[in-house]
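Chain letters run A, B, ... following the sequence lines, proteins first, then strands; residues in each count from 1. Computed from heavy atoms alone, side chains included, the values below leave out hydrogens, waters and symmetry copies.
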2 protein chains.
Amino acid sequence: MKVTINDVAARAGVSIKTVSRVINNEPSVRPATRKKVQDAVDALHYQPNLAARNLAGSRAYTIALIYDNPNAYYVINMQNGILDACKARGYELLIHPSNSRSESVYQELEDLVLHSKVAGLVLTPPFSETPSVIDTLKKLNVDYVRIVSKTADLEDSEDCIQVDDTAAAFDLTQHLLQLGHKRIGFLCGGEEHVSTYGRLEGYRQALEQAGIPVEDDLVLKGEYSFDSGVQGAKKLLGQDNPPTAIFASNDEMAAGALFAARLMNIDIPGQLSIVGFEDSPFSRQTWPKLTTAHQPNNEIAKCAAALVLSKARGHTAAESGSASKEAGIKREFTPELVVRDSSGPAPAE
Amino acid sequence: MKVTINDVAARAGVSIKTVSRVINNEPSVRPATRKKVQDAVDALHYQPNLAARNLAGSRAYTIALIYDNPNAYYVINMQNGILDACKARGYELLIHPSNSRSESVYQELEDLVLHSKVAGLVLTPPFSETPSVIDTLKKLNVDYVRIVSKTADLEDSEDCIQVDDTAAAFDLTQHLLQLGHKRIGFLCGGEEHVSTYGRLEGYRQALEQAGIPVEDDLVLKGEYSFDSGVQGAKKLLGQDNPPTAIFASNDEMAAGALFAARLMNIDIPGQLSIVGFEDSPFSRQTWPKLTTAHQPNNEIAKCAAALVLSKARGHTAAESGSASKEAGIKREFTPELVVRDSSGPAPAE
DNA sequence: AAATCCGATGACAACGCTGTCATACTAACC
DNA sequence: GGTTAGTATGACAGCGTTGTCATCGGATTT
């Protein structure tokens, strides 16, 4: 029932070490031998014992996803993307929601790493953008991949996934501009997220290019939440000269803005256009459906996980090699504009 | 940096076995010794190595959550609940989304169990209600807790968490009845979920009690999804004599129904009342806010995890004991009616 | 006071694998 | 044909725990 490396070795007529070599894809095994072993593995449905591998190799076969995000869709997408990448390579995923405002993260990270529970980490904002967290990780000398907004600070040597919030926000804003909107309100996300600033910057650049000054009254602080969207929109729409369009920093906020507009009996998109950001499933379930920027979270996560795993593997093969000062791998994603029903021509004056 | 049991033993001046005894809460350790060890553990911030424990003890310190649910809020709530329970006891969680329609689950479950990756499993619908899955688990002789609809088949000896869908659906229907609705449409969830039948049963019972016949035309098959809600509501509302209220089997479907009503220019709750089920965060983000039944998924999951963990522990202490035919522990949850804005008095004829 | 028992503790093997190093083998060289 | 590089393989020692069993000492019994 329970197949171990010994069974495989016996069946293949080789030592367990050779079996180990084969399953770890190490060199120096004759093709014929490799095949014998592979056949035995297949026949017995052998799968290495994770715990034993961890213990013996001191490298883990598990990676962790660290996050602090109230957005269920976001998290699920990330998880599934990573899981995809893990499955392909026989790794497992430990999920690790944590509170970015509490100090406990450091302790938790140390625990994960020092007890060799994980071979690497995938970090999402805001952790991926918190210098003290990154420092801790560096000290612990563990592999990690940061998923960050493109504008975040990075060292050359770090691997990371960058999301170009600015470019996407630029497109979104330009879309509104092209519809004839001149007064566009902007609802900021949480200040602990770098994406908040990136998106704001895109908005600014688009206005600037159109020769429209950025009015402070139209840019409101907030958080990436539905409620914040409601509050922000109310405030914006209660002004003497309200905007004809609202750029909400994510879909949840946009849904909140929609809700507020509804409360105030404002027709969308007739009297007011609203755009979101992320293209979560939920942006297709509001009324009207949201115009937004599609952020491929699943892909992003898969890519991040693949990076972590390739690093983890690397240690065995290369390790000794170069002084680790090579440039890290960077991958960039730019969310794409998705036009739906919540944006329309600016109302006539 | 990396503290092992040896360090603790050295510091406490005892053997590693004694340290092991203390951290596993085994008897036969003098209080004085126990304290010495405990102090050393605290001083060194010792945490047992999971991999070593797994390997040596052949019992894992990880549990898995098995699910196949497109509802992100549901999944996240479950995860967080379980994580809470795990953290308190030093366990880790492996998440395991899977496809209930594919055959691969069996293989995956075997893998998880046979390689002692997990000490136990928490199953959510539809897996928790699929006989062949449960059989597999029994054969594998692994601890599991099923989260099921109360009407699902169970053996006495099984631990499980039951959700009384029927009672909650009854309450929800009665709420509509009391508002004067006589024609209430019912949108069923997926047929692979037992809860689908439980909820329908509650609806039936309430109508029956009110002396209103159940009309086949008003009960539509569907799935627990937004789109299914849209389709169902369209169909219902397109009838010659459309219902004045719609019972959607979950919040997502209800949101879909809301969307459909909106498309058809039907005022909610003026012309039509809609109720959902689950009270996901999302039910507060629709317009109008949904009347629904609050299902405490977080609590449910926490409870399920606690049960699994207590079983896992039990094996060490008791094991040899009784013939395992004791009655399993059952916990019951009944979702509670939450009245919001999507339900109102039936329109005058 | 000797015999008995039980609670407290430790020595040591085992868990299934990987890392290290030694050894056997093969091919290539002069 | 004998030597020299490799290249392929295996023996063996851990990795950090837990489980088993032996041992020690003090309390209880006779």
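- The phosphate of C:dC17 (OP1 or OP2) has a side-chain N or O of A:Y46 nearer than 4.0 angstrom.
- A donor-acceptor contact under 3.5 Å is formed by the side chain of A:R21 with the base of D:dG10.
- For A:S15 and D:dA11, the shortest distance from a side-chain N or O to OP1 or OP2 is not below 4.0 Å.
- Atom CG of A:L55 is separated from atom C1' of C:dG19 by 13 Å (rounded to the nearest Å).
- For B:T4, no side-chain nitrogen or oxygen approaches OP1 or OP2 of D:dC15 to under 4.0 Å.
- The local environment of CG in B:N141 is sparse, with at most 12 non-hydrogen atoms from other residues, nucleotides or ligands closer than 6.0 Å.
- Enclosure of atom NZ in B:K138 by more than 12 non-hydrogen atoms of other residues, nucleotides or ligands within 6.0 angstrom is indicated.
- Remark on DNA chain D: of its neighbouring residues B:Q47 and A:T18, the 5'-side contact belongs to A:T18, judged by nearest-heavy-atom nucleotide.
- One atom, CZ of B:R53, and another, P of C:dG16, lie 18 Å apart when rounded to the nearest Å.
- Regarding B:N6, its CG atom lies at a distance of 11 Å from the C1' atom of D:dC15, rounded to whole Å.
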Review point. Could you walk me through whether A:I76 and A:N80 pass the side-chain contact (heavy atoms from CB on, under 4.5 Å) check?
Key: CA-CA 6 Å; A:I76 289 286; A:N80 290 340; 3.5 Å; yes
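- The phosphate of C:dT18 (OP1 or OP2) has a side-chain N or O of A:N24 nearer than 4.0 angstrom.
- In this pair, A:Y73 and B:Y73 present their aromatic rings perpendicular. The plane angle is above 60°, beyond the 30 to 60° band.
- As judged by a 4.0 angstrom heavy-atom cut-off over every strand, A:P48 is placed among residues touching the sugar-phosphate backbone only.
- In terms of position on DNA chain C, the residue among B:S28 and B:A52 whose nearest nucleotide sits closer to the 5' end is B:S28.
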